[in-house]
Amino acid sequence: MKWKEYEPRWQKKWDENQVFVPKAGGKKFFLTIPYPYTSGALHIGHGRTYTLGDIIARFKRHQGYNVLFPMAFHISGSPILSISDKISREDSKTVNLFLEYLRIYETEEKSYEIIKEFVDPKKVATYFAEKIVSDFKSIGYSIDWTRVFNTGEEKYNKFVEWQYQKLNEKGVLVKGKHPILWSLEENQPVGEDDIADGDTDKVTITDFNMIKFDFEGAVLVAATLRPETIYGATNLWVHPEGIYVRIRMDGETWLVSREAANKLKVQGHDVDVGKDFRGREIVGRFAKNPISGEKMPILPASFVDLDEGTGVVYSVPAHSPYDWQALVDLKNDVRLGKLVDLDNVPVVIDVPGYTILAKELNETNRIKDQKDGRLIEVTKEAYKTEFYSGLMNAKCGEFKGLRVSEAKDKVKDKLFKDGIAKLLYETSRKAITRSKNKVVVSVIDDQWFIDYSNPQWKKTTNKWINKMKIIPEKYKKSFLDTVEWLDKRPCARRRGLGTKFPLDPEWVIEPLSDSTLYTAFYTVSKHLNSISTDKMKPELFDFVFLGRGTPNEISKLTKINKNKLSEMRDEFLAWYPNDLRHTAPAHISNHLTFFLMHHIMIFDKPHWPQSISLNEMLIREGFKMSKSKGNIIPLAKVAEKYGSDLYRLYVASSADLDAVIDWRERDVQAASGKLNKFIELISSASKAEDGEIGLVDEWFISKFRLYLSEATKQMESLKFRDAVVNLMFKLLNDYKWLEKRSKNPLSTIKHIARDWVVSLAPIIPHTAEECFSYLGINEFASLATWPDLKQKVNKQAVINEDFVLSIVSQIRDVEKISGKKPKVVYIYTAEPWKNDALKIVLKEKERSMGKISSFDDKTKAAKVIQSLIKGRVWEKYSKPLDEETIITEATSALENELGVKLKINSSKDPLGKKVKAMPFRPAIYLE
RNA sequence: GCCGGGAUGGCGGAGUCUGGAAAACGCGUCAGACUCAAAAUCUGAUCCUUAGUAGGUACGCAGGUUCAAAUCCUGCUCCCGGCACCA
C-alpha cells in the first residue's frame, strides 16, 4: 500500500498551493454537503457522504468548472450542551465515551487533560471541529477551507437573525400552544437524549380523548384512545384503591386521578385541586352517558391505571377484552354483581366472523382474569381487527356503515364540537429521565413555530421539486410527501447553543431551523471576518442576498466600505444558486425540505437550489456500526489503516448511491490489489520504451476510450460504481489479454496513461498526482482537464480482437463439454454462402426471409438466416469478418493461451463439423 | 400506526424507469501454475443436461396483462428507513 506514503505529501502540496480555493468567475459549480455536528469523532460511515461529494467536486473541476466546495461546522442545539453537563457531573458513560474519542487523536495522558476542558461546551465544539478539519484533509477532500465557520459565531448569529426577520415579514412565524415531553421535577423539557433508553425505545406523544360523564353535579372524566366505542359504553371503571381528586378545571368540576390532575396542570389548563377521595367511595353510584343520556354504574377494576389518561375509563364490554373480563370478574360480587348484565352487552361494531368480539377473543385465549398479562396482546388484536375490518352498525347513529378507520376521527370531531370531549396528551410509554424523574407531556403556550402549512408555499415548493434534479430519482417522491405532510414546526427552544430568537431573546433558535439558508453564507463568510458584527445590520444581508438598495445607501447605513459591499454582492451572484447539495436520505423529511422551502420563501427564483443527491449509509461486515458493538472505524484512522485512496476507491465502487455499503475487509483487500496493479502499470509504463502500435494495441486503446465515454456519462449521473467497473476492473482484465498479444503492452499503456489517470483522479486523487509525476507531467492532476472524448476509436480493431477472444471461450466451452484435453484444435470458418446470408441479414434485419429466393438450398438458407436474426447480428456488426485471416494472425497467441496446436480450415474433418460453422462462430474439432 | 424503499447464484450486487438471450463487476469456493512450504500473484471452472453455439430450471409468494415479464398490474409475506423540536 505505497499510496499511504505519498498521500500526505500531496495533501500538503494542495494546501500550500491553495489548489481548491477558487476565484469567482467562469463556468461555476457550487457544491455543498451539510456541515457535520461537532459532538464527537466522525467515522467511515459519515465519510461516505463527504467522499462522494468530494468525488463530484473533483470530477466537475476536471470538466472545467470553477468549483466551490466549502465546509463549516454545526454546534447549535442541546447535544453539545448536555455533553458538557454530563462531563461536569462526571457521568461515567459520557466521560468514557469522550475519552475514547480523544484517544483517537491524543495520548492517554493528554486525553485526561483535554476532557477536563470539555465542561465548557464551546471547547467540545471547537476541539472536534478542528479534528474534523484534519480528518477531512487526511482523506484528501478538495474543500475550500478559507470560508469555514461554525454556527455559534456572532456573524452567523447575525445572518440567522436576518433570516428570521425575513420569515416574520412573510408572516410564517406564529406563536401557539405545543405539547412537548417534560419533567415536572426538573421543570424543563426533555429530549430523546435525556430519557432513559430514549435512543433505543423512542417516546412519542399520544392524544387521549377525555370524555365527560355527568356525575352528581360534577363530571367524571374517562380517557380513551377509541372514541368511536362510546356508543357501546355500559359502565365506568375506577380503581377502588386509587386516589382521585375533585378539581376546578377551566370552570367545571372534574373528577380525575391525582396523577391526571398534575398532568392537566402543565397542559395549559386552569386547574384548582380540591378534595381527594378513594375510587371505592363512588363505586356503585351512577353517571350519565353523554350520548345516550343513559345511567351508567361506576364499577371497580384493578386493571385501571391511575397514571394513564385520567385514571377513569369507560367500559365497552363487547369490544374491549379488559372490560369484558372485568365484568366477568365482578359478576359474582354480592353487592355489585347485580349491576352487571353480560347477556345484553351492546355490540356497536360489526366484525365478520364475530358476534361479541371481546368475549370470543378472551374465550379462545382462555383469559383467567383481568390481571392476566395476555390481555395486552388480546387487546391489541381486538383493536387491529376492528380498526381494519369493523363496520359501525345501527347503534352508532349518523356514523352507521362507516369503517372504524374512518369513523374514529369523525366521532372524535363530533365529541369535541359538542363539548363532550377534551384532549389529553400522554406519553406513548412510561418513561423516566436519566435522573429518574417521570416524563410527562406539557403544553407550552408561547411556542414559536414556522408555519409550513401555508398552501401557496407548499404549492410553489412542489412545483420546484418537480423541476429539480433529484438523484437517485426515487427519492423525489419522498420530498413531495414531506412537503405534503409538513405542518407548523417549532423553531425555538428554551435551551441549547445557537442564535437567540430575535422576536423573544428568552428563546434560542432550534438547530434545524438555523441551518436552512447557510449555503448562501459560504459565499461571503470570509468577507465578513473583516467586518465587526455591529455593522451586520439586516440591510447588509438584504443587499448581499436580495439585491436591495445600492452600495452607497448600505454603506452609509452600515459603515461598511462600499467596495467591500459590491465585492460581497458580486461573489454571491457569482456562486449562487447552490448547484448540488449532497447528503443522506434521512435528511429529506426535515433539513432538506426546510432548505428548499426557506430558499423559496426568501430568495429570488434564480437563486433556488438546483439539484440534490443522496447516498445511503455504510455498515461493517453486515452490521451497523455502533458504540455498543465497538465496531466503529473512525475517519481519523483511515489514512493510517488503509490509505485514503483505497478508502475512496472502495466507497465509490462497492455500491450504488441508494444501496447500503457493507465495509468488508476482504473486499477492501481485493480493491487494494487493483489499486496496486494500476499504480504499478502506470509506473512501469512511464519507464517503458516507445514501441510500435499494432492492431491489438489499437484494440486496447479503443476499449479504453469506449469505457471512458461510458464512464463519463456514469460519473455525470453519479454512478461511480459503474464508472470504476469500466475504468478499473474491466480495463485491467483487458490488459491481461493485451500482455499476451502485444509486442509492447507497456508502451501501449503510455498512450492512454494521462487520460486513464485523469479519469480516475476524482476517486483516487493522491495516486493520480503521484502518477502524473511518474509520467513527468508537471501540473496538478487534480486540476487536469478531463480526457477528450472525441478521440479515435478503431471499431474494426475492437470487433476483430473481441472475435479472437470469443474463439478462446468457444474452444474452452467445447473442451469442457467434451471433457477432452486436445493437442490439436481444428477450426473451420463458415462457408462463403453463409456470409452472403449474413450480408442480407445485416441489411434487411427481421425482413431478411423475403430475400431467400437467391439461395440454392432454401431450407438450409432459412435456418442460417433464422439463427442470424435471432442473434441480432446487426446490433454489433456492420459487415462479415475475414475470419481466416484474423485467426491466422492470432494463431500463436491462441496456441499459447490454450496450450494446443491450431489448424485452420484444414481439409481433415472427421466429424463433419465444417458445415456447422456460422459467421462469427466457427466450427471446432478437438483432437 | 402513518409514509417511503426493498427482496435476483454460496455472498455483495448488475439488469427493473424504457418488457425482447438473467446473473455485468466483485467476493468466496474448487482445480492448476509459481514456491521446500505458505502468503501474495497468475490461469481456469463455478444452476442442470449436452462435441458445442441447443434445451431445461430459476429473479420473495399467489394471481393477472402480453406473442413475450426479474421488468407492467393486483393481492400477500418478510426486511430496511423516516415520522416534528431530534442533530
Side-chain angles (χ1 to χ4, degrees), chain A residues 34 36-39 74-80 178-181 189 191-193 198-199 202 204-206 383-384 387-388 405 447 449-450 452 472-475 477-482 484-494 496 510-513 515 584-591 594 616-617 622 624 653-656 658-662 664 666-671 673-674 676-677 719 721-722 724-726 728-730 733 736 739 806 809-820 822 867 870-872 897-899 911 913 916-918 920-926:
Chain A
Y37 194 74
T38 55
S39 59
H74 202 199
I75 73 163
S76 313
S78 48
I80 291 182
H178 185 64
I180 55 168
L181 296 177
E192 184 180 297
D193 242 27
D199 46 348
K202 269 193 93 155
T204 54
I205 295 173
T206 317
Y383 181 88
K384 214 171 159 177
F387 188 79
Y388 290 109
S405 49
Q447 174 69 53
F449 298 86
I450 297 173
Y452 291 108
E473 214 182 328
K474 69 176 188 187
Y475 293 119
K477 195 171 178 336
S478 312
F479 276 96
L480 297 170
D481 286 345
T482 303
E484 207 49 54
W485 158 85
L486 268 178
D487 196 8
K488 291 195 189 83
R489 184 178 195 280
C491 61
R493 307 174 64 190
R494 285 290 188 192
E510 181 274 332
L512 278 174
S513 307
S515 309
H587 291 135
I588 295 173
S589 65
N590 43 54
H591 165 73
F594 305 153
E616 264 290 353
M617 50 184 306
K624 246 186 195 170
S653 68
S654 62
D656 289 323
D658 60 345
V660 173
I661 287 187
D662 192 359
R664 300 200 292 188
R666 243 194 192 126
D667 290 3
V668 175
Q669 288 320 310
K674 305 276 179 201
N676 237 327
K677 177 98 197 181
K719 293 185 171 163
R721 173 193 175 82
D722 294 332
V724 172
V725 165
N726 275 314
M728 198 115 182
F729 300 157
K730 285 192 179 172
N733 283 345
K736 287 180 195 166
E739 264 185 315
S806 80
S809 66
Q810 283 175 58
I811 294 175
R812 287 213 169 108
D813 275 352
V814 181
E815 279 180 3
K816 188 181 72 190
I817 289 160
S818 67
K820 285 184 184 159
S867 150
K870 209 180 165 198
R872 288 157 202 264
E897 177 68 10
L898 296 159
L911 292 184
K913 288 285 174 188
K916 289 195 176 168
M918 290 284 289
F920 314 116
R921 290 198 171 274
I924 291 157
Y925 168 65
L926 306 184

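Here is how names work: the chains are called A, B, and so on, in the same order as the sequence lines, proteins then strands, and each is numbered from 1.
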Checklist entry - NA contact type, A:I588, heavy-atom cut-off 4.0 Å: base, sugar-phosphate, or nothing? => result nothing
Next on the checklist: If you assign A:D662 and A:K719 each to the RNA chain B nucleotide with the nearest heavy atom, which residue ends up on the more 5' nucleotide?
Outcome noted: A:D662
Item to check | Pairwise C1' distance, B:A21 and B:U29 [rounded to whole Å] | outcome: 28 Å
Checklist entry - Reckon A:A923 touches a base, only the sugar-phosphate, or nothing at all at heavy-atom distances under 4.0 Å? => result base
Checklist entry - Which part of the nucleic acid, if any, lies within contact of A:P34, taking any heavy atom under 4.0 Å across all strands shown: a base, the sugar-phosphate backbone alone, or nothing? => result nothing
Checklist entry - For atom P, what is the distance between B:C86 and B:G4, given to the nearest Å? => result 26 Å
Next on the checklist: Generate the contact string for nucleotides 1-7 of chain B. Rules: B means base contact, S means sugar-phosphate contact only, - means no protein heavy atom under 4.0 Å.
Outcome noted: SSSSS--
Next on the checklist: With nearest nucleotide decided by heavy atoms, which residue, A:D487 or A:I75, maps closer to the 5′ end of RNA chain B?
Outcome noted: A:D487
Next on the checklist: Over all strands shown, is A:H591 touching base, sugar-phosphate only, or nothing at heavy-atom distances under 4.0 angstrom?
Outcome noted: nothing
Item to check | Per-nucleotide protein contact string for nucleotides 26-34 of chain B (B base, S sugar-phosphate only, - none; heavy atom under 4.0 Å) | outcome: BSS------
Item to check | Sugar-phosphate only, base, or nothing, as touched by A:D656 at under 4.0 Å among non-hydrogen atoms | outcome: sugar-phosphate
Checklist entry - Taking a pair as Watson-Crick (N1 to N3 plus N6-O4 or O6-N4) or G-U wobble (N1-O2 and O6-N3), both under 3.5 Å, which stems of 3 or more consecutive pairs involve RNA chain B? => result B:1-7 with B:77-83, B:10-12 with B:25-27, B:28-33 with B:41-46, B:47-49 with B:54-56, B:60-64 with B:72-76
